[in-house]
Engineer: 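What follows is a structure written as structure tokens; I'll ask about it next.
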Amino acid sequence: ASKVISMRKKLLKKFLTPEIKTAVDLGCGTGNDSISLGLNGIDVTGFDISGKMIEKAKTNSKKFNLNLKFFKYSLDEIPSKFNNQFDFAVSLGNSLALIEKNKIKKSIERIFDILKPKGIFILQVLNYTAIKKAESRIVNISQNPPNVYVRFYDLFKMPLNFNILRFNRDNPKDFELLTTKLFPYDKDFLFSILKKTGFKNIKSYSSLNKEKFDKNKSKDLIIVANKN
């Protein structure tokens, strides 16, 4: 985990300017991005819808001697006391794709509101345009003996079901199927909703290294936007 974090710390550092003092990690999960920002000297707050994730994030950040704050809120329900609090906001790890269609607009509006003027928002989702185009339903198959994991999509419709089938090689009757509903928001949709919300200077990349985005080929979609 520390290897992942030191890489992420370097990548995020490129976006940080001396003026950036506070950051919010939206859909913080187990806290890797929060910790990476914290190690860059930023005062970080993390939000996640899962209490279990929040507990993990708290434990993980203590391992790095960081005093970060974590709260259990869905993005569309972030309380107004957080308005105008943050210089920098990140939503990485495809977390926006977990937000239902009827809540995405409100979620982006709340992100806009909790940023300070001139605040920067960086989001990363999978590039669903390329995923649909490839029509390859199997994402990957991996092993952690005796278990085999098959990651695959259902047919391409809204929402998209992302499945992980785990089975025991020696006893295939021992299996479980986990399904996550994903909302495959694409670049055009996200750009238009960010614009409508009031974000300016919206740019897309295929990685945090700011490589060029190709909607037919790039694995990831990174969007950087400013609140002016």
Side-chain angles (χ1 to χ4, degrees), residues 1-48 57 60-71 73 75 78-96 107-125 127 185 187 190-214 218-228:
S2 55
K3 204 170 146 191
V4 170
I5 285 167
S6 65
M7 265 180 63
R8 186 54 59 96
K9 178 190 165 192
K10 273 194 202 113
L11 280 171
L12 288 171
K13 194 181 167 105
K14 294 177 186 172
F15 292 92
L16 300 172
T17 60
E19 298 83 60
I20 294 172
K21 307 276 189 252
T22 54
V24 60
D25 184 2
L26 306 151
C28 62
T30 57
N32 281 355
D33 297 321
S34 300
I35 291 164
S36 306
L37 287 164
L39 292 171
N40 274 310
I42 307 287
D43 177 9
V44 186
T45 302
F47 297 121
D48 201 281
N60 290 343
S61 63
K62 288 205 175 77
K63 285 178 194 158
F64 288 86
N65 296 317
L66 290 170
N67 184 18
L68 310 180
K69 299 172 286 296
F70 295 101
F71 301 96
Y73 292 119
L75 300 194
I78 296 171
S80 57
K81 67 173 181 189
F82 291 104
N83 285 4
N84 291 306
Q85 293 290 313
F86 304 104
D87 299 309
F88 194 72
V90 293
S91 172
L92 308 173
N94 204 38
S95 47
L96 279 189
S107 300
I108 301 275
E109 284 165 1
R110 289 305 298 128
I111 296 168
F112 186 85
D113 292 339
I114 64 176
L115 278 169
K116 290 182 184 172
K118 294 194 171 28
I120 299 169
F121 174 39
I122 300 179
L123 74 90
Q124 179 263 322
V125 288
N127 174 20
Y185 303 123
K187 181 186 153 182
L190 290 168
F191 264 54
S192 81
I193 210 163
L194 287 162
K195 268 190 196 124
K196 275 186 198 133
T197 307
F199 280 100
K200 303 270 190 305
N201 194 17
I202 306 165
K203 295 190 163 75
S204 62
Y205 304 99
S206 70
S207 76
L208 289 171
N209 280 321
K210 300 194 176 177
E211 286 150 336
K212 198 171 167 335
F213 177 70
D214 177 339
S218 299
K219 179 177 162 287
D220 289 305
L221 165 63
I222 310 280
I223 298 178
V224 182
N226 292 76
K227 172 171 170 174
N228 284 5

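Values in this document were obtained by computation on a predicted structure and should not be read as measured data. Quick note: numbers below take in every heavy atom, side chains included, and nothing from hydrogens, waters or symmetry partners.
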Engineer: Any chance CG of N67 has more than 12 other-residue heavy atoms, nucleotides or ligands included, within less than 6.0 Å?
Structural biologist: no

Engineer: Mind checking whether F121 and L115 have side chains closer than 4.5 Å, heavy atoms only?
Structural biologist: yes

Engineer: Counting only heavy atoms not in K118, do more than 12 fall under 6.0 Å of its NZ?
Structural biologist: no

Engineer: May I ask you to say whether D87 pairs ionically with K21, meaning some side-chain N is under 4.0 Å from a carboxylate O?
Structural biologist: no

Engineer: Return yes if some donor-acceptor pair links the side-chain N/O of T197 with the main-chain N/O of F199 below 3.5 Å, else return no.
Structural biologist: no

Engineer: Can you tell me how far the NZ atom of K14 sits from the CG atom of L208, to the nearest 0.5 Å?
Structural biologist: 8.5 Å

Engineer: For L12 and S36, work out which heavy atoms get closest and say how close.
Structural biologist: CD1-CB, 4.1 Å

Engineer: For a 4.5 angstrom cut-off between non-hydrogen side-chain atoms, does I20 reach N40?
Structural biologist: no

Engineer: If you compare all heavy atoms of S206 against all heavy atoms of S218, which two are closest, and at what distance to 0.1 Å?
Structural biologist: CB-OG, 3.3 Å

Engineer: Would you indicate whether the side-chain heavy atoms of V224 and F15 approach each other to under 4.5 Å?
Structural biologist: yes

Engineer: Check the pair K227 / N84 against side-chain contact (heavy atoms from CB on, under 4.5 Å), numbers first and verdict last.
Structural biologist: CA-CA 11 Å; K227 172 171 170 174; N84 291 306; 3.6 Å; yes

Engineer: Roughly how far, to the nearest 0.5 Å, is OG of S207 from CD1 of I222?
Structural biologist: 6.5 Å

Engineer: When you look at V125 and L190, which way does the side-chain contact (heavy atoms from CB on, under 4.5 Å) test go after all the steps?
Structural biologist: CA-CA 10 Å; V125 288; L190 290 168; 4.0 Å; yes

Engineer: Taking side chain as C-beta onward, heavy atoms only, is I35 less than 4.5 Å from K63?
Structural biologist: no

Engineer: Give me the atom names and distance for the closest heavy-atom approach of G27 to D48.
Structural biologist: C-OD2, 3.3 Å

Engineer: Might you confirm whether atom NZ of K219 has over 12 heavy atoms from other residues, nucleotides or ligands at distances under 6.0 Å?
Structural biologist: no

Engineer: Restricting to non-hydrogen atoms, name the atom on G38 and the atom on V44 that form the minimum distance, rounded to 0.1 Å.
Structural biologist: N-CG2, 3.6 Å

Engineer: Would you mind reporting whether L92 and N32 have side-chain heavy atoms less than 4.5 Å apart?
Structural biologist: no

Engineer: Return the CG to CZ distance between D113 and R110, rounded to the nearest 0.5 Å.
Structural biologist: 5.0 Å

Engineer: Side-chain donor-acceptor pair under 3.5 Å between N127 and K187, yes or no?
Structural biologist: no

Engineer: Compare all side-chain heavy atoms of D220 with those of Q124 and state whether any distance is below 4.5 angstrom.
Structural biologist: yes

Engineer: Run L26 and L123 through side-chain contact (heavy atoms from CB on, under 4.5 Å) and show every step you take.
Structural biologist: CA-CA 9 Å; L26 306 151; L123 74 90; over 6 Å; no

Engineer: Could you go through V24 and I78, starting from their C-alpha distance and side-chain angles, then the distance that decides it, and tell me whether this counts as side-chain contact (heavy atoms from CB on, under 4.5 Å)?
Structural biologist: CA-CA 11 Å; V24 60; I78 296 171; 5.8 Å; no

Engineer: Less than 4.5 Å apart, side chain to side chain, heavy atoms only: is that true for V90 and S34?
Structural biologist: no

Engineer: Starting at OG of S80, measure out to CD1 of I114 and round the result to the nearest 0.5 Å.
Structural biologist: 11.5 Å

Engineer: Out of curiosity, S91 OG to I108 CD1, how far, rounded to the nearest 0.5 Å?
Structural biologist: 8.0 Å

Engineer: Between the side chain of D43 and the main-chain N/O of T22, is any donor-acceptor distance below 3.5 Å?
Structural biologist: no

Engineer: With the side chain counted from C-beta on, respond yes when Q85 and T45 share a heavy-atom pair under 4.5 Å apart, and no when they do not.
Structural biologist: no

Engineer: Please work out which of the three classes, parallel, tilted or perpendicular, describes the rings of F47 and F71, given edges at 30° and 60°.
Structural biologist: tilted

Engineer: What is the distance from atom NZ of K10 to atom OG of S6, rounded to the nearest 0.5 Å?
Structural biologist: 5.5 Å

